[in-house]
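Below: the structure, in structure tokens.
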Amino acid sequence: MTLATILCAALIGGSPVQEPSTNLGKLQLYDKVRACSVKVYSEFGDDHYHGSGVAFKRYGDFVMIITNSHVVSMGGLSSKVTVKPFNKAGGAPMMPAYVAFEHRAETLYFDLAFLVVRDPGHLITVAERGTDRQWKGKTVYSCGNPHDEEFLVDHGKVLPSSMAPEDSHRFSWVVCHDAMVEHGNSGGGLFDNEGKLVGINTWLYDGKVGMAIDLDVFTDLFDFRATTIYARNNAWVKDTTLPPESSVYGIAIGKWTCDPAMGEIDPGGVLEHKESCVDTAQYYGSALVKMGDKVAGFNRGHYAPDHSLVAYEDARLGQIKNGPGGDVSFRINDKDTSDNSGEMTVFYVIMTPANLAPSGRQVHSGPVPMPPFWPVR
């Protein structure tokens, strides 16, 4: 597979370009796609890289950003990821980002990461999801940060899949287009002619063909949810119900108090006080997630390229792979919550088995395996 980090160029073919009929209409559309876009910075020791991202969900003071895995991870996660929102006047602040999940599998044309950003000022707008099923026959727009440009918007058209590498033709989530993008656009949004999000720009083929991940296909298999765990919850609190073999990957953010004498602790909890635990296999005071009868704690972290742990001060990861299905519930790992205080905000990604996609669509053809976290019966 011949891939690079981003896409560009205008080619002949496809549907005619249909831009807004007035300059004011163009400006309004461009402002709409820029408002939900961010510039993503990643640090790897003395090296600094940047890409793009787009906001797709908000939960209170937090916003969820989708980008490419290769923007934040190169053989291991960046030790520091920040995002910069669009601001017409300039001077937008750099905002720390938590990486909730990232995975890259080039042979499957999968390259996505999900970030969580604390944004109490609502500086980042959440993108509208495209609902026009005919968007591939109309104009598309890219927005990103190529080279020394920031929040560059360009229009183009969807191209035949035959213009991409042959081994990508079997995947229905790969979309080719000729909207002008370049290195630095990785992870930025592809939008329809109403400025609604329809894809994530990811690869460049042959120096001229843009390749994006069709967001509509992936939302058949991904569900993004958020909930709050309160330190005084004395029972499991159900959030949703899943079929067997589903997987949950989440990040809990915040600090709380289980024992006033102990002070604030992070979502991973502490080793002591096993006799006070709801689940003795997990740390006392940790945030817990349960699917059916399977329980996991939020005690994990990412790993950097040098194999050191990338652990956030106030956040930890939790996961249940290929779970038994059933109710997904959360609580604190503490039997007696009477003296507790505080809360955790949990963001989690659900992967459902490919054969149970809500729309029933076929997401690939031929004897091609799905990514390893998507179990197929």
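- Using a 4.0 Å cut-off between a side-chain N of Lys or Arg and a carboxylate O of Asp or Glu, D279 and K290 do not qualify as a salt bridge.
- Shown here for R316 and P267, the closest heavy-atom pair between the two residues is N-CG, 4.0 Å.
- Here D214 pairs with K136 in a salt bridge; the nearest charged N to carboxylate O distance falls below 4.0 Å.
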**Item:** Test log, rule side chain to side chain contact (heavy atoms under 4.5 Å, CB included), inputs V83 and K39
**Value:** CA-CA 5 Å; V83 304; K39 190 172 185 178; over 6 Å; no
**Request:** Please test H177 against N201 for side chain to side chain donor-acceptor pair (under 3.5 Å), starting from the C-alpha separation and ending with a verdict.
**Result:** CA-CA 10 Å; H177 68 90; N201 290 321; 2.8 Å; yes
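- The two atoms that bring Y283 and N333 nearest to each other are O-ND2, 2.8 Å, heavy atoms only.
- Proximity of the aromatic rings of F110 and H103 is defined here by a centroid distance below 6.0 angstrom, and this criterion is met.
- Judged by distance alone, the side chains of T202 and N68 do bring a donor and an acceptor atom under 3.5 Å apart.
- Taking both residues in full, the closest heavy atoms of N145 and E150 are given as OD1-CA, 3.4 Å, listed atom of the first, atom of the second, then distance.
- Residues Y41 and V310 are members of separate hydrophobic clusters, defined by side-chain heavy-atom contacts under 4.5 angstrom among Ile, Leu, Val, Met, Phe, Trp and Tyr.
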**Request:** Output, in order, the C-alpha distance, side-chain angles, deciding distance and verdict of salt bridge (Lys or Arg N to Asp or Glu O under 4.0 Å) for D132 and K138.
**Result:** CA-CA 10 Å; D132 181 0; K138 302 176 182 179; 2.7 Å; yes
**Request:** Please step through side chain to side chain contact (heavy atoms under 4.5 Å, CB included) for the pair K335 and E275, ending with a clear verdict.
**Result:** CA-CA 9 Å; K335 291 179 181 177; E275 71 281 358; over 6 Å; no
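- I229 and V295 fall into different hydrophobic clusters, where Ile, Leu, Val, Met, Phe, Trp and Tyr side chains are chained together by heavy-atom contacts under 4.5 Å.
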**Asked** So H70 and S186, side chain to side chain donor-acceptor pair (under 3.5 Å) or not? Walk me through it.
**Response** CA-CA 8 Å; H70 74 257; S186 291; 2.9 Å; yes
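- Ring planes of Y109 and F171: tilted class, angle from 30 to 60°.
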**Request:** Show your reasoning for whether side chain to side chain contact (heavy atoms under 4.5 Å, CB included) applies to W256 and I332.
**Result:** CA-CA 10 Å; W256 53 24; I332 185 172; 3.5 Å; yes
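- The existence of a salt bridge linking R58 and D119 is confirmed by a sub-4.0 Å separation between a basic side-chain nitrogen and an acidic carboxylate oxygen.
- The minimum heavy-atom distance linking Q319 with A296 is given by the pair O-CB, 3.4 Å.
- Side chains of D334 and S276: a donor-acceptor N/O pair is absent below 3.5 angstrom, by distance only.
- Closest of all the heavy-atom pairs between R232 and T337 is O-OG1, 3.1 Å.
- Checking each of D239, V289, I251 against Y348 for a side chain to side chain contact (heavy atoms under 4.5 Å, CB included) leaves exactly one that passes, namely D239.
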**Request:** Go through D111 and R104 one step at a time and tell me if the salt bridge (Lys or Arg N to Asp or Glu O under 4.0 Å) criterion holds.
**Result:** CA-CA 4 Å; D111 188 336; R104 182 179 182 182; 3.5 Å; yes
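- Note: H155 and Y141 have tilted aromatic rings, judged against thresholds of 30 and 60 degrees for the angle between ring planes.
- In this structure, F56 is a member of the same hydrophobic cluster as V71, with clusters built from ILVMFWY side-chain heavy atoms closer than 4.5 Å.
- Between the side chains of Y98 and D314, a donor-acceptor pair is found at a separation under 3.5 Å.
- The hydrophobic cluster containing V126 also contains I65, counting ILVMFWY residues as joined when their side-chain heavy atoms lie under 4.5 angstrom apart, directly or transitively.
- Side chain to side chain, D327 and S329 fail the donor-acceptor criterion of an N or O pair below 3.5 Å.
- The pair E194-K32 does not count as a salt bridge, with every side-chain nitrogen at least 4.0 angstrom from each carboxylate oxygen.
- By the 30° and 60° cut-offs, the orientation of the rings of F101 relative to F114 is parallel.
- When only modelled atom types and interatomic distance are considered, S42 and H50 share no side-chain donor-acceptor pair under 3.5 Å.
- V346 and Y230 fall into different hydrophobic clusters, defined by Ile, Leu, Val, Met, Phe, Trp and Tyr side-chain heavy atoms under 4.5 Å apart, directly or through other members.
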